[in-house]
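This report refers to the structure that appears directly beneath it.
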Amino acid sequence: MKWTQSLIPTLREAPADAEIPSHQLLLRAGLIRKLAGGVYTFLPLGLRSLRKIERIIREEMDRAGALEVAMPALQPPEIWEASGRAQTAGDVLFKLKDSSGRQWFLSPTAEEVITTLAANEINSYRQLPKNFYQISVKFRDEIRPRFGLMRAKEFIMKDAYSFDTTDESAMASYQKMFDAHKRIFARCGLQSFPVEADTGVIGGSHSHEFMIPAATGENEVAYCEACGYAANIEKATSGIPKTAAREIGAAIEKFPTPGVVTIEALAKEPYKVAANRQIKTLVYIADSKAILILVRGDDQLNETKLMARTGAVAARPATADECFATLGAKPGSLGAVANVPADVKVFADERLRGANDMTTGANEDGFHLKNVSIERDIKVTQWFDLRTVSAGEPCVKCAKPLKIRRAIEVGHVFKLGTKYSEKLNATFLDADGARKPSVMGCYGIGVTRTLQAIVEQSNDKDGIIWPLAVAPYTVCITPLGVAPGSPAMTLAEKIYTELTARGVDVILDDRDDRPGVKFKDADLVGFPLRISIGEKSLAKGEVELKPRNAPLQAIKAEDAVEAVMKLVGA
RNA sequence: CGGGGCGUAGCGUAGCUUGGUAGCGCGCUUGCUUGGGGUGCAAGAGGUCGUGAGUUCAAAUCUCACCGCCCCGACCA
């Protein structure tokens, strides 16, 4: 490709609405343009990288035995009603009507479609296991599109779905996909790491996310450098000890705390009740019903755990009015010792089990209770792990201190079990003559997000640094004069032709611009290799080979093609 | 949806407080110049100041509504 024949609209300055480096660079290097919030056009350069990522994905999925299919983006609501997700995932669904008034959903994912297919086409254990995948545009009515391609309303996703006869076989399919994902990200030049994850609205029992460490990531990951434990903060647990039991305290005592509505205030003079000796009482509205949650004063509730443990589909903190209606007091004086209505469930964090000598709200504004023993004085409906781990807590596996860092989620593998196959009748006749539901798994990669994650992970002050495998062009040839027939241009075209013939992606910067402009643009776009051809070095029979991430080296003009071939490993 | 901020040329921005001629840098066009890290000079083109209403002799500027965009939170590949 000749530069002047492509469209590479580089920008000196980043558009004001781009916040993070990768988003700015994708815009500045002329790879993408925004059409609307969360909706982007891929320009020629951006599309080339995208296609290379897709190709890697296809190769690895095929290698893992998955079968490529193409499912419709337009999906009938009935299958979503059947799976139950019309309600649970309703908020992200783009809904539209055709001219006859019939409703359709735009596909945010395809469990329902593939399970329907399996229900119709798979009848025998002899046909299993099977794994289907596709790479296609997905639509999600994201509450808040963000950071360019990172969270978009329309994006490209690879989604794969496995069907197995048994749990053990399903775990093997899961492991295959887990390994394939790992290889895909490695081949894209990404440093990824898998973490244990919550299963969310997709459901299922077992799940890992593939994370790319990045300060701008939307996820927090707790990990242990000693033993390798790693989990999304939404899922992570730690080996932190339970609250120490003390000598049996005296009877409960109510004491006035006028104006005290925070843990911190109660921890200060004149009360001096340490946060770890307080019980924090939270009122949540879970699926329209009030529930109470108890965590230690110095702990934070983990809402994802709350939803996962209680099975709630939607949960939010109660408003002050709702708290008052439930317990007769406002936030700041809430407690679970007295005045808890019989139909309000009380969920307590495991760390509080056995705790005594605790202080909590009295359900009377301006009063707290002390000498509370949680098992004696509070009717706990159920105990769960509900707290959020923090850095420095002992690892659950090896007790070394955990660390926490931010990361970008680029892939997610789930073991689904029979949730969908049962609801959508994806059953098969087993060797024993029994009809059984297939055991499923699903495996996603955010392809457009992966593209941006690569840029986020690999850039410097001058621009993008593309890994070889996913660069829009591998080599940029930069003649410093472009007059037709000039020595530099003639050699540039010769090298261009030879490299192209040998299967290397080359772009020839034939713009009649000053060298500085061309160098800056080549760095900004981030081509892995640049060959500069100018009169000075040409006088010595040399050209310059400049890897994007390594020092420049002068080489004999006639060695240029071989030198490139060696570096691209072809 | 709750909270915060912003909409002026392709990009970045000044002007708005205190109403009166829309300005700058980059980019673009033309000519000359320069020619190994965003060359210099000159001449140009490009704007219904997000949209609508209101106040006023007069609105980019003040008021209201709407739309769009960005950031923090809930969502997630």
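Computed from a predicted structure; not experimentally measured. Residue numbers start from 1 in every chain, and the chains themselves are labelled A, B, ... in the order their sequence lines are given, proteins ahead of strands.
- Taking a centre distance below 5.5 Å and an interplanar angle below 30 degrees as the stacking criterion, A:F519 does not stack against the six-membered base ring of B:G38.
- Applying the 6.0 Å contact sphere to NZ of A:K153 captures more than 12 heavy atoms from other residues, nucleotides or ligands.
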Step by step, work out the side-chain hydrogen bond (donor to acceptor under 3.5 Å, both in side chains) result for A:H23 and A:K34. CA-CA 11 Å; A:H23 187 198; A:K34 181 170 73 178; over 6 Å; no
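- Counting atom types as modelled, A:R151 pairs a side-chain N or O with a base atom of B:C76 as donor and acceptor under 3.5 Å.
- On the C1' atoms, B:C66 is 29 Å away from B:C57, given to the nearest whole Å.
- Nucleic acid contact for A:V92: sugar-phosphate only, since backbone atoms but no base atoms lie under 4.0 Å from a heavy atom of the residue.
- A side-chain N or O of A:H208 and one of A:Y174 form a donor-acceptor pair less than 3.5 Å apart.
- Contact of A:D512 with B:G35 (side chain to base): a donor-acceptor pair of N or O atoms is detected under 3.5 Å.
- Atoms CZ (A:R511) and P (B:G37) sit 16 Å apart, rounded to a whole Å.
- At B:C71, one or more side-chain N or O atoms of A:R144 fall inside 4.0 Å of OP1 or OP2 (strictly under the cut-off).
- Counting only heavy atoms from C-beta outward, the side chains of A:Q75 and A:W104 never approach each other to under 4.5 Å.
- Within 6.0 Å of the NZ atom in A:K289, the count of heavy atoms belonging to other residues, nucleotides or ligands does not exceed 12.
- B:C6 is paired with B:G68 under the Watson-Crick or G-U wobble criterion, all donor-acceptor distances under 3.5 Å.
- Rounded to whole angstrom, the span from the CD atom of A:E303 across to the C1' atom of B:C75 amounts to 12 Å.
- Applying a 4.0 Å cut-off to non-hydrogen atoms, the residues of residues 521-535 of chain A that approach RNA chain B are A:D521, A:D523, A:R530, A:G534, A:E535, listed by residue number.
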